[in-house]
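A short worksheet on the structure shown next.
Keep in mind it's a predicted model, so treat the numbers as computed, not measured. Numbering of ligands and ligand atoms starts at 1, following listing order.
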Amino acid sequence: MPAPRQRARRGGPDRIGRPDPGHRRPRRPPSPNHSGIHVLRSASVIEAVVRSADVGADALVLDLGAGPGTLTAPLARTGGRVVAIERDPAFVRRLRRRFAADDNVRVVEGDLRVVPFPRRPFQVVASIPFSLSTLLLSRLLDPVETPLHAADLVVEWGFARRVSAPRPRHPRVAWWGARFDIRIARRVPADAFVPAPSVDAAHLVIRRRPGMASPRAQRVLRRLLLAGYRDPHQRLRGLLTMVVPRTRVRTVTSAAGLTPSTPAGTLTVADWALLAELLAISSISLPVVFG
Ligand SMILES: C[S@@+](CC[C@H](N)C(=O)[O-])C[C@H]1O[C@@H](n2cnc3c(N)ncnc32)[C@H](O)[C@@H]1O
C-alpha cells in the first residue's frame, strides 16, 4: 500500500486522505509549545482511557511517548507488565525515578520511529505525539502478523476521524479498518492537555476483528482492496472473480448482504472484512488464487 503523506508537528494534523474541516479551533491561538509535548492533565480522560484498555495482570502494555508517566502510573497499578518508551532524556530520568520501585514497569529510552516492538502479543495505551500518528499506526497495523491485539490511543481529532471512517479514502486505512475495529470513544478537548494544543484530540479504540486473524483472510483482503481501490466503479461480480469462480460470486455476495452489482467504492471496511472472511473459508473460496 502506498504511504500516506505525513505532517511533522503536534498541533498540526497528521493527514491521511481528506482533511477534516471540523478539526480546527480558530478561536484558540496556536500553542506556544514547539516541542510537541502536551501532557494529559484531565483525570477523567486518563481514567477512561485506562479503564477502556481493560489491562489484565498477564498483559504486556506499551506506553508510547510516556512523557512524565501520566498514563504509565495508572497502567502500573493494573499489575500488567508496562513498557514506557520515551525519547526525551529528562523524561526518561524522571520516569526511572518515579517507577524505580515498580517491578512491572520498564522504562526504555528510545525513538518510537525505530524502537523494536515486542514479538509476543501486546496492547498499546498511549497519548502519542500527533506528528507520529500515521507512522505509529503503520508500524502497529500494517504487518499481517502484527502482535498488537488492542490499542487505546489519544490522537488528533481529525486523524481519528479519518482512520475510523467506514469508507476510508485511502486503501491503507481500509487495510487497517478491515482487520481492526477502529472507533472514536470520545472527543478529548484541547484543554485536557497542558499546554493545550491548537486542536482537539480523540480517544481512539482499536480492537482486532476476530474473523480477520488468519493470514489467508488477510491475503484475500489485500488483493481485494488493491483492486477495489484502483477502480472504485468496478462491480463485485468482476472483483470477486479474481479469487473465486464466477459461479460462486452470488453465494458470497448474498452471504455478505451485498449483490454482484455493488460497486467496490461503496463498500465499508466491515463489508471488505466480511467478504475476505467468507472468501477465505475453504468451502466457498476454492480455488483461491493468491498473488
Ligand atoms: C503528547 S506527549 C504525551 C506525554 C504523556 N504520555 C501524556 O499522556 O501526557 C508525547 C510524548 O512523546 C515523546 N516523543 C515525541 N517524539 C518521540 C519519539 N520519536 N520517540 C519517543 N518519544 C517521543 C515526547 O517527548 C512526549 O513525552
Side-chain angles (χ1 to χ4, degrees), residues 3 6-14 23 28 30-53 55 61-78 80 82-99 102 105-118 122-140 151-160 185-206:
Q6 279 203 55
R7 288 268 170 110
R9 186 168 56 85
R10 185 163 181 126
D14 176 17
H23 78 273
R28 187 180 291 120
S31 163
N33 177 358
H34 299 296
S35 62
I37 298 169
H38 300 269
V39 176
L40 268 175
R41 67 166 185 176
S42 161
S44 64
V45 171
I46 294 164
E47 206 252 311
V49 169
V50 174
R51 185 163 20 88
S52 157
V55 176
V61 194
L62 271 53
D63 181 356
L64 305 179
T70 324
L71 286 165
T72 320
L75 289 171
R77 290 194 286 274
T78 65
V82 182
V83 180
I85 305 174
E86 175 55 55
R87 181 179 62 176
D88 183 307
F91 276 143
V92 170
R93 280 194 297 278
R94 194 163 151 187
L95 287 163
R96 289 200 168 126
R97 272 198 307 274
R98 184 170 179 186
F99 299 105
D102 292 275
V105 178
R106 198 174 135 227
V107 177
V108 172
E109 181 169 1
D111 187 329
L112 295 172
R113 293 171 295 182
V114 291
V115 71
F117 290 152
F122 65 87
Q123 69 189 100
V124 174
V125 181
S127 172
I128 61 176
F130 286 177
S131 61
L132 298 186
S133 303
T134 300
L135 184 144
L136 285 175
L137 257 68
S138 297
R139 289 200 68 195
L140 294 168
D152 286 81
L153 304 176
V154 177
V155 298
E156 185 263 324
W157 173 254
F159 178 82
R186 62 189 57 78
R187 191 165 186 138
V188 176
D191 62 12
F193 300 87
V194 63
S198 58
V199 291
D200 281 351
H203 170 193
L204 194 67
V205 175
I206 302 178

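For E47, the side-chain hydrogen bond (donor to acceptor under 3.5 Å, both in side chains) criterion is met by R51, not counting sequence neighbours.
Below 4.0 Å from some heavy atom of V39 lie the following atoms of ligand 1, by number and element: 9 (O). Near I37, meaning under 4.0 Å from any of its heavy atoms, are these atoms of ligand 1: 24 (C), 25 (O), 26 (C). Remark: ligand 1 atoms within the under-4.0 Å shell around heavy atoms of A66 are 5 (C), 6 (N).
Here atom 6 (N) of ligand 1 lies nearest to G65 when heavy atoms of G65, G67, P197 are compared. Between the choices P129, A201, S127, the shortest heavy-atom distance to atom 3 (C) of ligand 1 belongs to S127. With atom 19 (N) of ligand 1 as the reference point, the heavy atom nearest to it among V92, D111, L40 is part of D111.
Between E86 and ligand 1, an N or O atom pair is found at a separation short of 3.5 Å. An N or O contact shorter than 3.5 Å is missing between F91 and ligand 1 by distance. By the 3.5 Å distance cut-off applied to N or O atoms, L112 is counted among the residues near ligand 1. Checked against a 3.5 angstrom limit, the closest N/O atoms of T70 and ligand 1 fall inside it.
To the nearest 0.5 Å, the span separating CG on D152 from NE2 on H203 amounts to 3.5 Å. In this structure, E156 CD and I128 CD1 are separated by 10.5 Å, a value rounded to the nearest 0.5 Å.
Between S127 and F193, the closest side-chain pair of non-hydrogen atoms falls below 4.5 Å. With a 4.5 Å cut-off on side-chain heavy atoms, P118 and L62 count as touching. Residues V61 and V83 fail the side-chain proximity criterion, which asks for heavy atoms closer than 4.5 Å. Side-chain contact between L137 and L153 is present, with at least one heavy-atom pair separated by less than 4.5 Å.
Nearest heavy atom pair, residue A53 against residue V125, reads CB-CG2, 3.5 Å.
Neither the backbone nor the side chain of A126 has any atom closer than 4.0 Å to an atom of ligand 1 (non-hydrogen atoms only). Under 4.0 Å from ligand 1, the heavy atoms of H38 that appear belong solely to its backbone.
Using a 4.0 angstrom heavy-atom cutoff, L132 counts as in contact with ligand 1. Assignment of G110 to the shell around ligand 1 is supported, since a heavy atom sits closer than 4.0 Å.
A side chain to side chain contact (heavy atoms under 4.5 Å, CB included) with V107 holds for exactly one of R94, R93, R96; it is R96.
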